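The chain is numbered in sequence order, starting from 1. Values in this document were obtained by computation on a predicted structure and should not be read as measured data. Any value given below was found using the heavy atoms of this structure, including those in side chains, with hydrogens, waters and symmetry copies removed.
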Amino acid sequence: MTKNKFQQKREHTYHKLLEAGLELFCEQGYAATTLENITARAGYTKGAFYVHFKNKQDFFFHLLDHQGFFFKEIHREDNAIVGEDFRQTVAYWANEVLSRYISSRWTLVFYDFYIQNRHDEKVRTYFREYHSKWAEDIALIIRGLQKKGWVTREKDAKDLAIRCYDIITGGIIHHHMDGEPIDVDKMTEAILALLK
């Protein structure tokens, strides 16, 4: 169904506000960014903002949905095996995750939002579900590695996934806090050592 001009304009406004918010949150952090900052950057009024969003928290939830989920292309264990061997597959996934999250300060904004709103049950629930989805997708990759015989089936894939998540997010936060580049080879070695 073709959208009319009003619907197209409204959708354009929505996306411009999200883009402006993402830029500002990455530049200034969640707490320091105001609705006025977002609307000014996007070139709209606060009225236009409230047509689409209830408040700053609601806006951020829309932004999280807009950002999407990283592992959305993995639906089966077989899709997780992208290399010719264990090391190559682990290196591929480590590099894919890092290349997405190192290029911006989004990870810090993500946790800044949580810290500012951690007493809100809706936020805690969202973050639990988000982390659970991350862990499940990493577990899917690990089950693919187990299916190939590269990781023993005696180890629980979900537990290993949580430890991999810890290594990856710890490396990303460390990078953003002290500016040191992440050595993908060293991170790959840490994950390989965990999985062996």
Can [X] and [Y] be counted as an ion pair, charged N to O under 4.0 angstrom?
{"X": "Glu27", "Y": "Arg41", "result": "yes"}
{"X": "Arg143", "Y": "Glu136", "result": "yes"}
{"X": "Arg124", "Y": "Glu129", "result": "no"}

*asked:* Between Asp159 and Arg163, does the salt bridge (Lys or Arg N to Asp or Glu O under 4.0 Å) criterion hold? Intermediate values first, please.
replied: CA-CA 7 Å; Asp159 184 57; Arg163 301 295 75 81; 3.1 Å; yes
_Closest heavy-atom pair and its distance - Ala135, Ile162_ = CB-CG1, 4.0 Å
*Between Ala139 and Ala161, which heavy-atom pair has the shortest distance, and what is it?*
N-CB, 3.4 Å
*Angle class for the Phe60/Tyr30 ring planes (parallel below 30°, perpendicular above 60°, tilted otherwise)?*
perpendicular
*On the 0 to 90° scale, with breaks at 30° and 60°, tag the Phe59-Phe49 ring pair as parallel, tilted or perpendicular.*
tilted
*Going by atom types alone, do Thr13 and Arg10 pair a side-chain donor with an acceptor below 3.5 Å?*
no
_Residue pair Asp185 / Thr188, side-chain donor-acceptor N/O under 3.5 Å_ = no
Looking at side-chain heavy atoms only, is the closest gap between [X] and [Y] below 4.5 Å?
{"X": "Tyr130", "Y": "Leu64", "answer": "no"}
{"X": "Phe61", "Y": "Phe113", "answer": "yes"}
{"X": "Trp150", "Y": "Val90", "answer": "no"}
{"X": "Ile191", "Y": "Ile168", "answer": "yes"}
{"X": "Ile138", "Y": "Ile142", "answer": "yes"}
{"X": "Val51", "Y": "Tyr14", "answer": "no"}
{"X": "Val123", "Y": "Arg118", "answer": "no"}
{"X": "Phe25", "Y": "Leu63", "answer": "yes"}

Please indicate whether [X] has more than 12 foreign heavy atoms, meaning atoms of other residues, nucleotides or ligands, lying under 6.0 Å from its [atom1].
{"X": "Lys155", "atom1": "NZ", "value": "yes"}
{"X": "Lys56", "atom1": "NZ", "value": "yes"}
{"X": "Lys186", "atom1": "NZ", "value": "no"}

*Cys164 and Ile141: side-chain contact (heavy atoms from CB on, under 4.5 Å), yes or no, with the steps?*
CA-CA 11 Å; Cys164 287; Ile141 294 168; over 6 Å; no
*asked:* Walk me through whether Lys16 and Glu11 qualify under salt bridge (Lys or Arg N to Asp or Glu O under 4.0 Å).
replied: CA-CA 9 Å; Lys16 288 285 285 181; Glu11 190 173 294; over 6 Å; no
Euclidean distance, [Y] [atom2] relative to [X] [atom1], rounded to 0.5 Å:
{"X": "Leu194", "Y": "Ile167", "atom1": "CG", "atom2": "CD1", "value": "5.0 Å"}
{"X": "Arg87", "Y": "Leu192", "atom1": "CZ", "atom2": "CG", "value": "6.0 Å"}
{"X": "His52", "Y": "Leu17", "atom1": "NE2", "atom2": "CG", "value": "6.0 Å"}
{"X": "Lys148", "Y": "Asp85", "atom1": "NZ", "atom2": "CG", "value": "10.0 Å"}
{"X": "Leu24", "Y": "Leu35", "atom1": "CG", "atom2": "CG", "value": "11.0 Å"}

*With hydrophobic residues grouped by side-chain heavy-atom distances under 4.5 Å, do Met177 and Ile182 end up in a single group?*
yes
Main chain of [Y], side chain of [X]: is a donor-acceptor contact present, judged purely on distance under 3.5 Å?
{"X": "Gln146", "Y": "Thr152", "result": "yes"}
{"X": "Asp112", "Y": "Ala31", "result": "yes"}
{"X": "Glu96", "Y": "Tyr92", "result": "no"}

*Between Thr39 and Thr45, is a side-chain contact (heavy atoms from CB on, under 4.5 Å) present by the stated rule, with each step listed?*
CA-CA 6 Å; Thr39 55; Thr45 64; over 6 Å; no
*Thr107 and Thr169: CA distance, side-chain angles, deciding distance, side-chain contact (heavy atoms from CB on, under 4.5 Å) verdict*: CA-CA 8 Å; Thr107 302; Thr169 55; 5.7 Å; no
*Evaluation steps, side-chain contact (heavy atoms from CB on, under 4.5 Å), between Lys158 and Ser132*: CA-CA 9 Å; Lys158 184 81 179 247; Ser132 179; 4.0 Å; yes
*Establish, yes or no, whether a centroid distance under 6.0 Å links the rings of Tyr44 and Tyr50.*
no
*Taking only residues two or more places apart in sequence or in another chain, which ones pass ring pair (Phe, Tyr, Trp, His ring centres under 6.0 Å) with Tyr114?*
Phe127
*Among His176, His175, His174, whose side-chain hydrogen bond (donor to acceptor under 3.5 Å, both in side chains) with Asp178 holds?*
His174
